[in-house]
Amino acid sequence: MKTLVLLGAGELGKEVVISAKRLGCRVVAMDSYPGAPAMQVADAFEVVNMLDGDALDRAIRLHARPGPGFHIIPEIEAIRTERLITLEKEGFDIIPSARAVFLTMNRDAIRDVAARKLALPTARYGYASSVAELGSRILSQDGTGLPCVVKPVMSSSGKGQSVVRDRADIPKAWDYACANMRGDQQKVIAEEFIDFDYEITLLTIKQRASVGGKKLPKAARTLFVRPIGHRQERGDYQESWMPCAIKPSLVKDAQRMAKLITDEIAGENGAGIFGVEFFVKGNRVIFSELSPRPHDTGMVTMISQDLSEFDLHVRAILALPIPEIRYEKAAASAVILATHASPNEPEYPGLEKALAIPGVQVRIFGKPSTRKYRRMGVALAIAKTADEARKAATKAAAAVKVKTVP
Ligand SMILES: Nc1ncnc2c1ncn2[C@@H]1O[C@H](COP(=O)(O)OP(=O)(O)O)[C@@H](O)[C@H]1O
Ligand SMILES: [Mg+2]
């Protein structure tokens, strides 16, 4: 039996567990708090601070060994990734590769690979380690200019991210980024604000060099899911949909870039799914960032197609065939967010209203407590068109209330 060790036990991990269990795997889920979504469906769990290298190392060695049969699957960015590099050298299988996980944890590391090494088009950008330096990265002649977006180099889900429209707001953006960054490095990236027409996630699958006992030609190792359109607020995803209206030539551009960067970071035999994010403006496709794991906007694939991003991830990891992906007409997802903080597990009145809408399904993640804007569930819908699916998913998400219990 294969053992998967999930580093991070959120809602995306929960779906990875379900996909893996269906294929007969044993799964261990780790996170910093008990009762995390993926722990609820896994065979075993560990409560570990994964930023503590020794604790992370100990927990992984307790459940996995080097060589085939064990796979270590990072599901979040807040992990002491240097340790994964050491473990990989010893022969542990890190998904998709320790280098990919390491590089994507820091915005500067992956941006350097994308823009400098691979010459992918990106927003103009610069890094800063002080408020004075930030000012010059924005305002100097080769700077980003205004407006721009300031983000901690280590953060996710829009944490610490703000838009600077006026030079007087630079100190505020610096303070906000510093107050919300992860890790010990006081460093931010400033990016030219791209007034894009829309943004997409291109889910990109890297298969093993050999699948189902057969060697795959190099070009056949990369597969793509159809582009997913999405809308973000506060740097966090609100809804996503498929199909996304985009010219075939622009899809080709995005696929070419996604293949380049995943080839670069996945290594010789690295496998798994990547969420590659692009902005589209007119005929320009601009690379933004990527995650070496299932993507939150990709939750729509739970309803848009027969093999979800989680099924695809697990098949790629286990070197199982992916002969085809079969799509529904149109599909959408919309998030269900908490409105305030509570240490208690909430209730979800309104679920019956949401589920009375034809074509709608709801996933409640089962998180044991709430924070303002914490993602607690997602509404999914299929319909004839993407617009109709978006309407149904949004209506369903609005119907479900996150009611905190005193
Ligand atoms: N340079 C930019 N121009 C315009 N919008 C941006 C820019 N950078 C980020 N955003 C918006 O913020 C969202 C989150 O930013 P992103 O860099 O993807 O951070 P995260 O790692 O938190 O997802 C993006 O999906 C996009 O909507
Ligand atoms: Mg993003």
Side-chain angles (χ1 to χ4, degrees), residues 8 10-12 74-79 81 100-101 103-115 120-128 134 137-138 143-165 173 176-177 179-183 187-204 227-241 244 254 257-258 261 273-282 284-300 309 333 335 373-375:
E11 57 268 36
L12 304 181
E75 197 251 335
I76 56 169
E77 284 172 7
I79 299 174
T81 50
V101 178
L103 287 175
T104 51
M105 189 182 66
N106 292 330
R107 296 184 195 279
D108 47 345
I110 192 64
R111 179 55 63 95
D112 285 348
V113 171
L120 303 189
T122 66
R124 275 200 309 279
Y125 68 95
Y127 309 128
L134 179 59
R137 290 286 166 269
I138 296 170
T144 63
L146 289 171
C148 73
V149 185
V150 174
K151 315 171 198 177
V153 291
M154 271 183 89
S155 78
S156 49
S157 308
K159 290 195 188 84
Q161 175 178 328
S162 62
V163 177
V164 178
R165 300 188 185 277
Y176 184 61
N180 292 283
M181 60 179 55
R182 202 173 51 228
K187 190 173 175 187
V188 303
I189 180 170
E191 276 184 30
E192 163 197 15
F193 182 87
I194 305 282
D195 188 18
F196 52 75
D197 303 333
Y198 55 95
E199 55 183 322
I200 61 164
T201 301
L202 185 65
L203 294 172
T204 303
I228 297 169
H230 56 90
R231 188 177 61 78
Q232 308 255 337
E233 266 172 40
R234 301 173 306 275
D236 207 15
Y237 130 82
Q238 305 299 306
E239 50 164 345
S240 65
W241 58 89
C244 164
M257 291 190 240
I261 196 155
I273 200 162
F274 295 78
V276 191
E277 297 175 33
F278 297 95
F279 304 139
V280 182
K281 186 166 174 57
R284 280 168 67 215
V285 181
I286 301 158
F287 171 82
S288 172
E289 62 157 4
L290 88 165
S291 67
R293 59 181 70 90
H295 199 268
D296 50 9
T297 63
M299 282 196 281
V300 66
E309 60 170 345
S333 77
V335 298
Y373 297 134
R374 189 174 196 189
R375 199 190 298 143

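Ligands are counted one by one from 1 in listed order, and the atoms in each one are counted from 1 as well.
Shortest contact from atom 4 (C) of ligand 1 to any protein heavy atom: Ile194 O, 3.3 Å. For atom 9 (C) of ligand 1, the nearest protein heavy atom (residue, atom name, distance) is Lys151 NZ, 3.3 Å. Here the heavy atom of the protein found nearest to atom 22 (O) of ligand 1 is Gly158 N, 2.8 Å. Counting only heavy atoms of the protein, atom 7 (C) of ligand 1 lies nearest to Phe279 CZ, 3.6 Å. The protein heavy atom nearest to atom 16 (P) of ligand 1 is Glu289 OE2, 3.5 Å. Of the protein's heavy atoms, Glu199 OE2, 2.5 Å lies nearest to atom 27 (O) of ligand 1. Annotation: atom 19 (O) of ligand 1 to nearest protein heavy atom, Arg107 NH1, 3.2 Å.
Minimum interatomic distance between Leu290 and Phe274 (heavy atoms only, all atoms of both residues): CD1-CD2, 3.8 Å. Nearest heavy-atom pair, Val285 versus Ala254, reported as atom, atom and distance to 0.1 Å: CG1-CB, 4.1 Å.
Residue Ser157 touches ligand 1 through its backbone alone, judged by heavy-atom distances below 4.0 Å. Looking at Phe196 against ligand 1, only its side chain comes within 4.0 Å, counting heavy atoms. Heavy atoms of Val149 found under 4.0 angstrom from ligand 1 belong exclusively to the side chain. With a 4.0 Å heavy-atom cut-off, ligand 1 is reached by no atom of Lys159.
Residue contact check for ligand 1: Gln161 places a non-hydrogen atom closer than 4.0 Å to it. Within the 4.0 Å heavy-atom cutoff, Tyr125 does not count among the residues contacting ligand 1.
In summary, Arg293 and Glu75 do not engage in a salt bridge, as defined by a charged side-chain N under 4.0 Å from a carboxylate O.
How far CZ of Phe278 is from CD1 of Ile200: 6.0 Å, rounded to the nearest 0.5 Å. Taking CE of Met299 as the start and CD of Glu309 as the end, the distance is 8.0 Å to the nearest 0.5 Å.
In this structure the side chain of Arg165 reaches within 4.5 angstrom of the side chain of Pro147, judged on heavy atoms.
The atom of Glu289 nearest to the Mg ion (ligand 2) is OE2, with the search restricted to N, O or S atoms.
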